[in-house]
Amino acid sequence: MDLFLETDNDPKTLSFVAELNAASDAKLRTPEFEADRDAVKAMFEREDRLIVPTRRGRWLFDFHRSKENPLGLWRRLPADQEPRSDAAWETVLDFDAFCEKEGKRWIYSGAITCPFEPTLVLLILSDGGSDLLRLVEFDTETKTFVEGGFDTPPVRAHASWISRDEIAYFGSVDEFSATRSGWPRVGRILKRGQAITDAPILFEAGMDDVYGAASFIDPLYWGGSTDERRIEIFSVGHEIGKSSLYVRGADGDIHHLDLPTEIDSDLNHTHLLWRAKTDERYPSGSLILQEFSPFGEKQLGKARVLFSPKEGQSVSQFTLLKTWALYIVSDRIVPKLFLLDLTRPDAEAQELSLPSELQSISFRLLDADLTLGQEILTVVGQGFLTPYGTYRLDLTDHAKTQELVPTGISPSYFDADGMRSELLEAISEDGTKVPYHIVFPKTWTMGELPVLMYGYGGFAVPLSPYYSGNNGLWLTHGGAYVQAYIRGGGELGPHWHTVAKGKGRHKAFEDFSAIARDLVKRGYSKPSRIACTGGSNGGLLTAVMLTRYPQDFGAVWTRVPVIDMERFHLFPAGRAWMDEYGNPDVAEDLDAMLDYSPLHQVKPASEVTYPPVYIESSTNDDRVHPSHARRFAARLIEAGHTPLFHEYGSGGHGGAGDSKEQAERLAMGYSFLRQTILKG
């Protein structure tokens with residue numbers, strides 16, 4: 001058996017990884033690899049990129065990687081200055097110097113801003129790119145770590161500020177504090193210098209839940225008086241995508257809000273905005289605005305439907321500000337932006353016009369926290385061939401006509417002149433129309449187009465068009481890029497996801513293979529020139545393409561993949577996936593999963609010829625354990641196949657690292673594609 005590969009420090013595991021890493025290095029680290037690596041690294045480190053800053057107090061903040069600082073600089077600029085790339089940015093924290101001093105690789109993963117003093121933050125530091133997070137207090141005004149400040153151990157964790165001197169800390173510091181999935185379930189009121197286990201418990205989720213969390217809305221948020229009570233909101237994740245909301249009422253007790261569990265939601269001090277993911281109360285995909293009175297006899301009041309989807313429509317992003325509700329509708333992958341004035345009880349949502357060239361949009365707050373901030377948004381728009389641009393949406397004056405004001409455009413990362421993008425549809429096995437985008441290089445030959453397909457198709461995660469210098473590099477090599485909007489994702493609404501859950505998982509695989517066949521049917525390419533890639537659940541997808549649809553692909557690049565559908569739940573994080581895939585301890589569920597489980601579907605080389613496969617993983621991936629990738633490679637080798645395999649020593653599930661490390665991972669994959677579908 002190959003179960004020793006589940007033990008990271010087993011000498012046989014170390015030998016196995018070292019041997020296969022050496023083989024892939026020898027095969028893929030070519031002069032072309034080096035050129036691609038250097039090109040990608042240079043893109044990460046460009047000094048003229050478009051900056052999308054965050055405002056804290058009187059400063060704008062930006063995180064920037066450079067040639068001299070591949071781990072990055074956190075830097076600031078006076079808020080009254082234009083955040084140009086050539087402005088006089090001042091370094092707040094040099095992460096390369098910090099890591100060298102600490103003797104440890106910390107990856108910057110964001111900051112939790114204190115609502116009462118926005119220049120005070122909890123830095124979120126990932127341990128080598130893993131899911132283990134250290135939260136450490138930092139004063140951005142003095143540019144120093146706070147002496148005696150908060151500094152938590154690297155565990156799965158999150159936190160919210162309760163007051164200037166307290167945080168609600170959820171951390172998996174011991175078995176009592178963690179759920180069955182290893183995520184934090186117990187929240188504590190933690191003061192500076194206090195031992196975590198000594199801090200009083202604020203809230204608990206159940207051991208069998210996935211997570212617990214808390215957030216707070218202080219009277220400062222709505223301009224209330226100092227003697228008014230803050231709003232305390234708690235959430236429990238029962239499964240990924242299923243949760244319950246609670247609020248502390250006037251009586252001091254925590255009350256469950258009467259809502260379906262399968263919703264997405266956002267709250268402010270007067271309203272709740274939620275999206276239905278089932279037909280329990282409203283048609284699935286509907287966006288509902290509901291009155292919220294946290295200290296009233298009934299916490300939830302009158303509700304109205306802001307949006308009810310038609311076929312092919314879904315809400316891709318929504319939020320509540322102090323006095324506005326905003327949401328983006330994806331209409332068959334085309335974005336539309338709406339906003340609603342909450343100060344007018346009978347107001348109707350209005351659509352803001354968008355530049356026609358934008359294939360996708362998203363929005364983010366300018367201020368890191370709205371408690372002391374303004375209702376100003378940065379809207380980011382982009383397309384596969386359209387560099388991302390920023391627009392300012394200032395909602396502070398309700399009397400003004402609301403409009404997007406252009407504020408910047410990214411420099412081009414590749415020459416897109418002569419390239420084009422099209423939105424097409426394939427017909428899946430059950431007759432469902434499945435959309436996909438294809439982006440064409442400048443020159444190509446009909447029937448011989450090298451195509452790299454990307455898909456995910458799980459956990460309701462929606463894909464959308466995006467501008468990428470990495471994709472541009474592939475296009476300049478003469479390859480086409482396809483993004484597949486298959487079932488299992490959330491692109492066309494909640495049903496697009498739920499129909500491919502559990503025993504319906506095969507629909508995601510059928511959709512993806514249908515797109516590959518559609519490319520051939522339309523005359524663009526042929527199977528030997530089509531490759532696929534994806535990570536995590538997308539790694540499962542692409543591994544299934546190898547074992548179930550080998551005739552449709554010329555190469556498979558699977559990254560940090562879920563491979564063993566019989567044992568995935570034995571690792572803590574995997575226990576959170578059973579609602580998505582099924583429970584391996586239930587015979588009926590296991591039978592359905594074994595029907596596609598890549599590890600169990602490997603056939604001998606004497607029976608089937610698989611296309612070339614490259615399997616990529618990380619030693620410190622604590623979300624999808626690297627044994628999935630190791631055992632898949634071992635099983636293929638045992639069956640007489642010759643996979644390429646590379647396990648990186650760090651980077652975690654997302655492949656985080658410095659600019660060179662991230663560039664190398666991509667360049668290794670591109671080297672694999674050069675030697676398979678590009679060479680023709």
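When reading the values below, keep in mind they use all heavy atoms of this one structure, side chains included, and skip hydrogens, waters and symmetry mates. Since this is a predicted model, take the numbers as computed values, not measurements.
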TODO: Just do the side chain to side chain donor-acceptor pair (under 3.5 Å) check on Asp341 and Thr343 with the steps written out, would you?
DONE: CA-CA 6 Å; Asp341 186 346; Thr343 66; 2.5 Å; yes

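- In this structure, Ser243 OG and Asp264 CG are separated by 7.5 Å, a value rounded to the nearest 0.5 Å.
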Open item on the list: Under the criterion ring-ring contact (aromatic ring centres under 6.0 Å, His included), I'd like the reasoning laid out for Phe216 against Trp161: C-alpha separation, chi angles, the key distance, then a yes or no.
Closed with: CA-CA 8 Å; Phe216 306 88; Trp161 290 89; over 10 Å; no

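- Classification of the Tyr456-Phe459 ring pair by plane angle, with boundaries at 30° and 60°, yields tilted.
- Taking CZ of Arg55 as the reference point, atom CG of Leu77 lies at 12.5 Å (rounded to 0.5 Å).
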Task: Verdict with supporting geometry, Phe363 and Leu393, side chain to side chain contact (heavy atoms under 4.5 Å, CB included) - done: CA-CA 9 Å; Phe363 54 75; Leu393 180 57; over 6 Å; no

- [ ] Run the numbers on Phe98 and Leu71 for side chain to side chain contact (heavy atoms under 4.5 Å, CB included), then give the verdict.
- [x] CA-CA 10 Å; Phe98 171 64; Leu71 283 174; over 6 Å; no

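- For the side chain to side chain donor-acceptor pair (under 3.5 Å) test, residues two or more places apart in sequence or in another chain that qualify with Ser536 are His653.
- The closest donor-acceptor contact from the side chain of Arg76 to the backbone of Glu141 lies under 3.5 Å.
- You'll find the ring centres of Phe440 and Phe384 outside the 6.0 Å limit.
- With sequence neighbours excluded, the residues forming a side-chain contact (heavy atoms from CB on, under 4.5 Å) with Ala656 are Ile107, listed by chain and number.
- Every residue was checked against the ring-ring contact (aromatic ring centres under 6.0 Å, His included) condition with Tyr436, not counting sequence neighbours, and none meets it.
- Relative ring orientation between Trp222 and His269 is described as parallel, the plane-to-plane angle staying below 30° on a 0-90° scale split at 30° and 60°.
- The cationic group of Arg275 does not satisfy the cation-pi geometry with Phe318, failing either the under 6.0 Å distance to the six-membered ring centre or the 45° limit from the ring axis.
- Although no hydrogens or angles enter the test, the distance criterion places no donor-acceptor pair under 3.5 Å between the side chain of Ser412 and the main chain of Asp415.
- Take Lys660 and apply the side chain to side chain donor-acceptor pair (under 3.5 Å) test, not counting sequence neighbours, and it matches no residue.
- Judged by distance alone, the side chains of Asn268 and Tyr221 never bring a donor and an acceptor atom under 3.5 Å apart.
- Partners of Trp496 by ring-ring contact (aromatic ring centres under 6.0 Å, His included), not counting sequence neighbours: none found.
- Taking a 6.0 Å sphere around CD of Gln402, one finds it holds more than 12 heavy atoms contributed by other residues, nucleotides or ligands.
- Checking Ser85 against Arg49 by side-chain atom types alone, no donor-acceptor pair falls below 3.5 Å.
- Here Thr91 pairs with nothing under the side chain to side chain donor-acceptor pair (under 3.5 Å) rule; sequence neighbours left out.
- For the residue pair His437 and Tyr485, a side-chain donor N or O sits within less than 3.5 Å of a side-chain acceptor on the partner.
- In this structure a side-chain-to-backbone donor-acceptor pair under 3.5 Å is missing from Tyr211 to Phe170.
- For the side chain to side chain donor-acceptor pair (under 3.5 Å) test, residues two or more places apart in sequence or in another chain that qualify with Glu661 are Arg105.
- The side-chain contact (heavy atoms from CB on, under 4.5 Å) test applied to Ala325 returns Leu273, Leu320, Leu340, Leu342, not counting sequence neighbours.
- At a threshold of 4.0 Å, the pair Asp621-Arg623 does not count as salt-bridged, since none of the basic side-chain nitrogens sits closer than that to a carboxylate oxygen.
- For residues 351-361, the set of pairs meeting the side chain to side chain donor-acceptor pair (under 3.5 Å) definition, not counting sequence neighbours, comprises Gln359-Ser421.
- The distance from atom CZ of Phe150 to atom CD1 of Ile167, rounded to the nearest 0.5 Å, is 4.5 Å.
- Salt bridge Arg65/Asp658: absent, no basic N to carboxylate O contact under 4.0 Å.
- Residue pairs meeting the ring pair (Phe, Tyr, Trp, His ring centres under 6.0 Å) criterion with at least one member in residues 385-409, sequence neighbours excluded, are Trp324-His398.
- Look at Asp417 and Lys442 and you find no salt bridge, because none of the NZ, NE, NH1 or NH2 atoms lies under 4.0 Å from a carboxylate O.
- Within 6.0 Å of the NZ atom in Lys67, the count of heavy atoms belonging to other residues, nucleotides or ligands does not exceed 12.
- A donor-acceptor contact shorter than 3.5 Å is absent between the side chain of Asp331 and the backbone of Gln313.
- In this structure, Thr390 contributes its side chain and Gly408 its backbone to a donor-acceptor pair below 3.5 Å.
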TODO: Verify side chain to side chain contact (heavy atoms under 4.5 Å, CB included) between Ser66 and His64, making sure each step is shown before the conclusion.
DONE: CA-CA 6 Å; Ser66 67; His64 175 60; 4.0 Å; yes

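- Here the two rings, on Phe95 and Trp106, have centers that are 6.0 Å apart or farther.
- At distances below 3.5 Å, not a single donor-acceptor pair connects side-chain atoms of Asp62 with backbone N or O atoms of Pro53.
- Checked against ring-ring contact (aromatic ring centres under 6.0 Å, His included), Trp74 has the following partners two or more places apart in sequence or in another chain: Phe61, Tyr108.
- The pair Arg230-Asp218 does not count as a salt bridge, with every side-chain nitrogen at least 4.0 angstrom from each carboxylate oxygen.
- Applying the side chain to side chain donor-acceptor pair (under 3.5 Å) test to pairs two or more places apart or on separate chains, those with a residue in residues 115-126 are Glu117-Arg164.
- Checking Thr319 against Asp266 by side-chain atom types alone, a donor-acceptor pair falls below 3.5 Å.
- For the side-chain contact (heavy atoms from CB on, under 4.5 Å) criterion with Asp394, the lone passing option out of Ile376, Leu404, Leu377 is Ile376.
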